[in-house]
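One structure is given here, and the rest of the page talks about it.
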Amino acid sequence: MRLSRYFLPVLKEDPKEAQIVSHRLMLRAGMIKQQSAGIYSWLPLGYKVLNRIQQIVHEEQQRAGHIPLLMPTLQSADLWRESGRYDAYGDEMLRLQDRHKRDMLYGPTNEEMVTDIFRSYVSSYKSLPLTLYHIQWKFRDEMRPRFGVMRGREFLMKDGYNFDLTKEDALHAYNRHLVSYLRTYERMGLQAIPMRADGGPIGGDYTHEFLVLADTGESEVFYDSQITDLKFGDRQIDYDDVAQGQAILEEFTSRYARTDETHDEALFAQVPEERRRTARGIEVGQIFYFGTKYSEAMGATVVTETGERVPVHMGSHGIGVSRLLGAIIEASHDDKGIIWPEGVTPFHVGIVNLKQGDGSTDSACEALYRELKAAGLDPLYDDRDERAGAKFATMDLIGLPWRITVGPRGLAENKVELTSRRTGESEAISPQEAIERLKTIYQPVFAAAYH
RNA sequence: CGGGGCGUAGCGCAGCCUGGUAGCGCGACGGUUUUGGGUACCGUAGGCCGGAGGUUCGAAUCCUCUCGCCCCGACCA
């Protein structure tokens, strides 16, 4: 993309309504525009990152064998009356009526609807296991939206639902989700720690929240520092392997890690003192096994091998897709702006032309731009008629992890500068070498994609 | 929902107390200049002062109501 033809309304000054750094940077980098309290338009740059994140979530869900579909945002109140949640949910649920005065709601989640889909078509144990998921906009009418997309009212969420014959099978689905989530977050350059969570009104012991450590996190967390050494990495796994799934669950959840909701001082005291940590975290996902709560209430049953009709065991598993942008920025920024991890960056590399209008720098930049695209990379070429300082400031603000700087000085020796946004380190290399280096840098990102 | 605060140009703000019909910085646009970290100078455009009602000869300014937004708290992916 050529910046002169793009739509990137960056702000030089901080909008006063934004208190935390991710909100401020998203507004300044022209990623979002607030339209109403807790409701945002996604401007091109923000939309691009949102899509990259969605793509990773889709890939990792499908790699785990989960099946995508799409359910509507508006739901009939009747389904929710069946489960009893229409009255239980409270004012956070946005209720409305259509022209026929039928009660509708903007879905805050989809357990009822997916259960309805399941019961309509599935009646045999032979169809199990099954996990359906979608990435769809949700609405929760928060009393006090804040922190930009971290706690909006409208938000994009991936929610998945497993249907299994037995509790044991459902717990394997639970483990499968845990593994897929670990992979998902790592691909986004995040460390999200599974922490024992509170089952809330639904109850149940099998639930973990995934938290990204950040000073601005909404939850206080307590953990054994050893847990931050755990990496999923690129290990090969078989999502059907029950023992392997259980082993990974134990590996990642055996050390103490809890939010204030479930924190237990006595247990925490058993962690060696030098490893005890108290910090803040941002919740970016949750996995949950809840048994037969909805299947019983809504008649989602299957016939077993022996001819018996039983309610299916279910769980639901969410990733806060839009909130992840905020979480990533909270975890990765400096005083100049955002620093995108390679896995989610809106553009792979920025090209800064220091002397726009100069024949040699213009043509060198054009050539780089063309060749980077031909190499499968997505460059942003700052071809505006601006001074170097303004271009650098924009690149730093929007956080592209790599920058190629092209100026007449270097070009005289066939050199451009390749600069890392994260470290600030530069090297003077030929344009061809720069392209090769970027291909190498992004090779793991492309290799992680699932087709 | 309890407590506090703010709505004046695209963004950040002053003016309000002590009514006289709107200003500054940044940005945008046009020029000159400049060219390796938001350059300098000149010029231009842009606002029914959130909305409604009231007081007054006259309201951004005073009064009433209303809408919106932000912060702290309780609540939440």
Side-chain angles (χ1 to χ4, degrees), chain A residues 9-20 23-24 27-28 30 33-39 89-93 107-110 135-160 181 192 197-198 200-201 207-212 217-219 259-261 281-288 316-327 335-337 352-358 361 382 384-397 403-412 415-417 419 424 426 428:
Chain A
V10 297
L11 303 174
K12 205 164 173 176
E13 287 170 282
D14 284 331
K16 66 168 177 179
E17 75 267 21
Q19 298 300 309
I20 64 166
H23 189 194
R24 218 160 47 221
L27 289 166
R28 284 197 51 209
K33 173 182 180 358
Q34 178 167 318
Q35 302 291 166
S36 180
I39 300 177
Y89 217 93
D91 290 337
E92 279 202 351
M93 186 153 77
T109 177
N110 287 66
I135 296 179
Q136 177 62 292
W137 292 94
K138 307 290 191 297
F139 197 93
R140 290 185 194 170
D141 199 359
E142 299 281 347
M143 273 184 255
R144 191 186 157 204
R146 61 182 127 173
F147 305 150
V149 299
M150 296 251 286
R151 190 166 167 200
R153 292 194 292 173
E154 188 182 51
F155 57 98
L156 190 62
M157 183 166 111
K158 169 260 157 183
D159 44 325
Y181 280 26
D198 185 358
T207 178
H208 284 89
E209 289 177 338
F210 289 75
L211 285 110
V212 173
E218 74 274 49
S219 316
T259 66
D260 46 8
E261 287 174 334
I282 300 166
E283 193 192 326
V284 293
Q286 182 163 16
I287 54 176
F288 205 150
S316 64
H317 315 275
I319 292 179
V321 172
S322 49
R323 149 176 281 217
L324 271 166
L325 276 88
D335 55 349
K336 295 189 194 121
V352 168
N353 184 344
L354 290 177
K355 193 166 184 181
Q356 205 70 44
D358 177 274
T361 57
D382 190 345
R384 294 172 304 163
D385 191 16
E386 288 284 352
R387 289 180 54 98
K391 293 190 178 187
F392 289 142
T394 299
M395 283 296 174
D396 288 346
L397 175 62
R403 186 184 80 207
I404 300 178
T405 310
V406 181
R409 245 181 250 168
L411 221 46
K415 300 278 192 210
V416 296
E417 242 175 64
T419 306
S426 283

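Within every chain, numbering begins at 1; the chains are lettered A, B, ... in the order of the sequence lines, protein sequences first and strands thereafter.
- Evaluation of the salt bridge (Lys or Arg N to Asp or Glu O under 4.0 Å) rule for Glu142(A) yields Arg151(A) as partners, not counting sequence neighbours.
- Here His23(A) pairs with nothing under the ring pair (Phe, Tyr, Trp, His ring centres under 6.0 Å) rule; sequence neighbours left out.
- Contacts of Glu218(A) classified as side-chain hydrogen bond (donor to acceptor under 3.5 Å, both in side chains), with partners at least two apart in sequence or in another chain: Arg323(A).
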Listing time: all N or O pairs from protein to nucleotides 3-10 of chain B that are below 3.5 Å?
{"unit_1": "rC6(B)", "atom_1": "O2'", "unit_2": "Lys16(A)", "atom_2": "NZ", "d": "3.1"}

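- Partners of Glu154(A) by side chain to side chain contact (heavy atoms under 4.5 Å, CB included), not counting sequence neighbours, listed by chain and number: Ile39(A), Tyr106(A), Trp137(A), Phe139(A).
- In this structure, the side-chain hydrogen bond (donor to acceptor under 3.5 Å, both in side chains) partners of Thr394(A), at least two apart in sequence or on a different chain, are Arg384(A).
- In this structure, Gln136(A) has no side-chain hydrogen bond (donor to acceptor under 3.5 Å, both in side chains) partners at least two apart in sequence or on a different chain.
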Footprint string (nucleotides 40-45 of chain B, 5' to 3'): B base within contact, S backbone only, - free, heavy atoms under 4.0 Å: ------
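- The side chain to side chain contact (heavy atoms under 4.5 Å, CB included) search around Asp91(A) returns none, not counting sequence neighbours.
- Within the 4.0 angstrom heavy-atom criterion, only backbone atoms of the sugar-phosphate kind lie near Asp14(A); the bases stay farther away.
- Among the protein residues, Glu142(A) comes within range of the nucleic acid bases, having at least one heavy atom under 4.0 Å from a base atom.
- Residues forming a ring pair (Phe, Tyr, Trp, His ring centres under 6.0 Å) with Tyr181(A) (at least two apart in sequence, or on another chain): Phe210(A).
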Give the B/S/- string for nucleotides 30-36 of chain B, one per nucleotide from 5' to 3', where a protein heavy atom under 4.0 Å of the base yields B, of only the sugar-phosphate yields S, and otherwise -. ----BSB
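- Nucleotide rC76(B) is matched to nothing when pairs are restricted to Watson-Crick or G-U wobble geometry with both distances under 3.5 angstrom.
- Shown here are the side-chain hydrogen bond (donor to acceptor under 3.5 Å, both in side chains) partners of Ser316(A), two or more places apart in sequence or in another chain: Glu111(A).
- One can find a donor-acceptor pair under 3.5 Å joining the base of rC76(B) and the side-chain atoms of Arg151(A).
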